[in-house]
Amino acid sequence: MKSNELVNILKKRLPSENFVWKFDAKADRVRLDHKVLNKGMDISLPEILSRYTEKKDVAIDEIVYTIEATFQAMELEHAEGFNADRPIYPVIRSTSFPEETAEGKRFIMKDHTAETRIYYALDLGKTYRLIDEGMLEALGQSANELMEAALFRVRSLPTAMKKDEVDGNSYYFINNNDGYDASRILNSAFLKEMEEKIQGDMTVSVPHQDVLIIGDIRNKTGYDVLAQMTMHFFTKGTVPVTSLSFIYENGQLEPIFIMAKNRVTRKKGK
């Protein structure tokens with residue numbers, strides 16, 4: 001499929017008189033603006049086409065859902081403003097993720113690891129809105145109050161897992177597709193509970209926002225499998241975070257590199 005064909009499919013799937021489409025063939029992206037809201041979004045076409053090669057119509061369904069949910073959130077905000085009663089959760093992003101909105105307003109953020117950063121999101125049901133400094137007054141909270149409340153709320157998220165075993169190593173997956181799967185990495189009580197069950201090295205991975213992987217690594221093969229697994233999820237996720245995994249020890253997360261011939265090295269060179 002070519003980029004212009006993809007744009008035509010999206011137009012058919014999203015038939016709204018309020019949408020204005022601008023296809024930039026040179027940049028290989030399409031700009032979608034909402035005439036009533038005077039807001040829009042840029043859509044990178046190569047990423048969707050890459051996913052389409054492997055997932056076919058599922059990739060189209062995913063981007064259509066994302067576009068619809070995003071504009072529904074914008075419409076809700078336009079009609080009602082910011083509802084301070086809606087829950088706020090922390091979300092995990094890569095340190096390369098933008099620190100400001102398109103309008104230049106700085107997001108509410110907190111450092112997490114060398115690879116990840118914590119942002120904060122106002123839950124809107126099917127989607128959420130990342131909170132920027134301009135929203136604090138309407139929400140009636142300071143940045144610190146918001147951060148503390150979000151960290152407490154993440155503990156209420158379910159932690160049901162699926163387990164897979166490969167060559168004596170165990171891998172636990174949290175994948176609720178609620179937008180906050182990676183956020184469970186901030187649930188310290190849950191991580192400590194898992195640590196008590198782990199017999200080998202405990203690893204924690206957040207390759208994209210919709211999965212958290214905890215590994216019980218007991219041999220060299222386990223690290224190879226983990227590296228392949230995290231890279232696979234990283235390349236498939238709609239919101240990638242990091243392909244690196246973390247060793248979890250004494251309540252601390254430390255990034256590790258899994259190199260050739262099963263060699264493992266910690267980022268600090270330990």
Side-chain angles (χ1 to χ4, degrees), residues 1-89 91 93-94 96-108 119-135 138-139 176-181 208-210 235-241:
M1 183 186 294
K2 297 181 180 179
S3 294
N4 62 326
E5 295 173 331
L6 173 59
V7 172
N8 289 332
I9 290 175
L10 293 178
K11 287 181 178 179
K12 291 180 181 179
R13 292 284 301 271
L14 296 160
S16 172
E17 296 180 354
N18 291 325
F19 289 159
V20 177
W21 299 79
K22 297 178 181 178
F23 174 42
D24 186 339
K26 185 176 182 180
D28 209 7
R29 68 185 178 195
V30 65
R31 172 72 183 181
L32 179 54
D33 286 303
H34 195 293
K35 291 189 291 186
V36 176
L37 301 175
N38 291 319
K39 293 184 178 181
M41 62 190 300
D42 291 310
I43 304 169
S44 176
L45 301 175
E47 296 175 12
I48 304 171
L49 291 171
S50 177
R51 293 201 294 270
Y52 179 81
T53 301
E54 299 182 6
K55 303 170 72 173
K56 301 303 179 185
D57 289 342
V58 173
I60 305 297
D61 293 339
E62 288 176 347
I63 187 60
V64 168
Y65 174 83
T66 299
I67 293 172
E68 288 180 331
T70 299
F71 280 106
Q72 285 173 5
M74 290 182 183
E75 290 169 352
L76 183 64
E77 178 186 325
H78 180 76
E80 302 179 6
F82 301 122
N83 188 338
D85 294 330
R86 290 185 177 274
I88 294 172
Y89 292 98
V91 291
R93 291 289 185 269
S94 165
S96 63
F97 192 82
E99 298 183 19
E100 297 181 344
T101 68
E103 294 77 25
K105 296 180 180 179
R106 191 168 179 80
F107 288 119
I108 303 300
Y119 289 70
Y120 298 86
L122 184 68
D123 189 83
L124 300 173
K126 292 183 178 181
T127 185
Y128 54 68
R129 163 74 184 270
L130 292 182
I131 298 172
D132 59 64
E133 292 176 345
M135 298 169 61
L139 294 173
N176 294 274
N177 285 311
D178 56 9
Y180 308 111
D181 286 306
H208 64 72
Q209 78 162 12
D210 293 314
T235 57
K236 304 301 180 187
T238 54
V239 185
V241 179

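- Legend: residues meeting salt bridge (charged side-chain N to carboxylate O under 4.0 Å, His left out) with D210, ordered by chain and number and at least two apart, are absent.
- Note that CD1 of I63 is 4.0 Å distant from CD1 of I48, once rounded to the nearest 0.5 Å.
- Residues that satisfy the side chain to side chain contact (heavy atoms under 4.5 Å, CB included) test with S44, not counting sequence neighbours, are P46, E47.
- Taking the side chain to side chain donor-acceptor pair (under 3.5 Å) definition, one finds that N18 meets it with nothing, sequence neighbours left out.
- Within the structure, salt bridge (charged side-chain N to carboxylate O under 4.0 Å, His left out) contacts touching residues 19-38 (residues at least two apart or in different chains) are R31-D33, R31-D42.
- K105 and D132 make their closest contact through CD-OD1, 3.8 Å (heavy atoms, listed as atom of the first residue, atom of the second, distance).
- Evaluation of the ring-ring contact (aromatic ring centres under 6.0 Å, His included) test over residues 24-64, restricted to residues two or more places apart or in two chains, returns F19-H34, H34-F71.
- Under the rule for a side chain to side chain contact (heavy atoms under 4.5 Å, CB included), the partners of E62 that lie at least two apart in sequence or sit in another chain are R51, K55, V58, T238.
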Show your reasoning for whether side-chain contact (heavy atoms from CB on, under 4.5 Å) applies to L32 and L10.
CA-CA 11 Å; L32 179 54; L10 293 178; over 6 Å; no
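- Between F23 and the options L6, N4, N8, a side chain to side chain contact (heavy atoms under 4.5 Å, CB included) holds for only N4.
- Residues forming a side chain to side chain contact (heavy atoms under 4.5 Å, CB included) with V91 (at least two apart in sequence, or on another chain): R93, Y119, A121, Y128, L130, Y180, S183.
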Could you go through the side-chain contact (heavy atoms from CB on, under 4.5 Å) check for T66 and T127 one step at a time?
CA-CA 8 Å; T66 299; T127 185; over 6 Å; no
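- The side chain to side chain donor-acceptor pair (under 3.5 Å) check on D61 picks up R13, with sequence neighbours excluded.
- Take E5 and apply the side chain to side chain contact (heavy atoms under 4.5 Å, CB included) test, not counting sequence neighbours, and it matches M1, K2.
- Residues meeting the side chain to side chain donor-acceptor pair (under 3.5 Å) test with S94, sequence neighbours left out: S96.
- The two atoms that bring D178 and D181 nearest to each other are OD1-N, 3.4 Å, heavy atoms only.
- In this structure, M135 CE and I88 CD1 are separated by 7.5 Å, a value rounded to the nearest 0.5 Å.
- Partners of T235 under the side chain to side chain donor-acceptor pair (under 3.5 Å) rule, at least two apart in sequence or in another chain, do not exist in this structure.
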